[in-house]
Amino acid sequence: MHRRFTGDTLVLASHNPGKLQELQELLADHGVKVRSAGELGLIEPEETEPDFQGNAALKAHAAARATGLPALADDSGLEVMGLEGRPGVHSARWAGPGKDFAAAMTRVTSELAERFGDWQRVDKRAAFVSVLCLAWPDGHAEVFEGRVSGELLPEPRGAGGFGYDPIFVPEGEKRTFAELSRTEKSALSHRGIAMRALLDAVFR
Ligand code: IMP
């Protein structure tokens with residue numbers, strides 16, 4: 001049995017503006033007031049767990065304890081098949097302290113090209129994964145996962161989205177995530193899939 005969300009305010013335990021915007025839009029129709037971690041002055045806990053589930057839980061529980069409100073956290077990343085799943089939970093860290101995602105995308109494409117010889121031979125398969133954890137101050141949590149498979153491009157394309165969006169073409173599309181509108185991206189994305197599962201189970 002899932003626990004229903006019966007309050008009217010939720011904390012979004014993320015400091016990532018791209019994720020905040022996507023999650024806020026997905027929650028907008030459910031009459032939930034959303035407060036962000038930044039607005040509440042919450043510090044970002046260090047992501048010490050080895051998987052998305054662990055880090056999502058760590059962030060959500062920390063924010064719920066600190067605010068006394070239910071808190072929703074996303075832990076997500078890009079798994080590249082030709083790099084044995086890296087960067088995975090280290091996706092944000094590959095961009096360094098300056099959050100340089102141009103450099104992070106170059107690292108992905110150049111490591112692939114180096115490993116496979118040239119781009120024609122590269123195993124281009126990749127997947128974005130999102131784990132959402134909604135935690136209550138009493139320690140209860142609901143967890144949902146979304147995954148979208150696709151292919152990587154050797155060069156970034158498109159100006160929308162954030163992070164690794166410009167090199168990722170989701171299955172069934174020709175455009176990258178950065179070339180889709182926010183609504184189009186949410187219909188396909190890992191975060192959209194996880195969020196719809198959460199909304200169905202907890203907010204209805
Ligand atoms: P974390 O979950 O805060 O550790 O960071 C996840 C990282 O994965 C982000 O900083 C991005 O680099 C990457 N990421 C997660 N979701 C997306 C997405 O929808 N598009 C592009 N990059 C993403």
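Residues: numbered from 1 along the sequence shown. Just so you know, ligand 1 is whichever comes first in the structure, and atom 1 is the first atom listed for that ligand.
Distances below 4.0 Å separate heavy atoms of D75 from the following atoms of ligand 1: 1 (P), 2 (O), 4 (O). Those atoms of ligand 1 with a heavy atom of D165 less than 4.0 angstrom away are 18 (C), 19 (O), 20 (N), 21 (C). Counting the atoms of ligand 1 from 1 in the order shown, those under 4.0 Å from a heavy atom of A92 are 5 (O), 7 (C), 10 (O). Taking every heavy atom of K59 and a limit of under 4.0 angstrom, the matching atoms of ligand 1 come to 1 (P), 2 (O), 3 (O). Of all atoms in ligand 1, numbered sequentially from 1 with element shown, those under 4.0 Å from a heavy atom of R191 are 15 (C), 16 (N), 17 (C), 19 (O). Ligand 1 places these atoms under 4.0 Å from at least one heavy atom of G163: 21 (C), 22 (N).
Using a distance-only test at 3.5 Å, with no hydrogens or angles considered, a donor-acceptor pair links the side chain of E142 to the main chain of R3. For the pair K59 (side chain) and D74 (backbone), a donor-acceptor distance under 3.5 Å is present. In this structure, the side chain of S91 engages the main chain of G88 through a donor-acceptor pair within 3.5 Å. A donor-acceptor pair is defined here as one N or O able to donate and one able to accept, closer than 3.5 Å; no such pair exists between the side chain of R157 and the backbone of F168.
For atom 1 (P) of ligand 1, the closest non-hydrogen atom of the protein is K19 NZ, 3.3 Å. Nearest protein heavy-atom contact of atom 6 (C) of ligand 1 is S76 O, 2.9 Å. Nearest protein neighbour of atom 23 (C) of ligand 1, counting heavy atoms only, is F128 CE2, 3.5 Å. Of all protein heavy atoms, the one closest to atom 12 (O) of ligand 1 is F101 CE2, 2.9 Å. Scanning the protein for heavy atoms near atom 9 (C) of ligand 1, the closest one is N16 ND2, 4.0 Å.
Classified by interplanar angle (parallel below 30°, tilted 30° to 60°, perpendicular above 60°), the ring pair F128/H190 is parallel.
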**Q.** Full working for salt bridge (charged side-chain N to carboxylate O under 4.0 Å, His left out) between K174 and E179
**A.** CA-CA 9 Å; K174 290 197 164 39; E179 294 174 309; over 6 Å; no
Q) Stepwise, does the salt bridge (charged side-chain N to carboxylate O under 4.0 Å, His left out) test hold for R182 with E22? A) CA-CA 8 Å; R182 280 213 293 278; E22 289 186 7; over 6 Å; no
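Scanning all heavy atoms of the two residues, the minimum distance from L132 to R191 falls at CD1-O, 4.4 Å. A pairwise comparison of heavy atoms in L69 and P137 identifies N-CG, 3.6 Å as the closest pair.
Ligand 1 lies out of reach of G161, whose nearest heavy atom is not under 4.0 Å from it.
Relative to atom 18 (C) of ligand 1, the option among E47, K185, E22 with the closest non-hydrogen atom is K185.
Of the N or O atoms in Y164, one or more lie within a sub-3.5 Å distance of an N or O in ligand 1.
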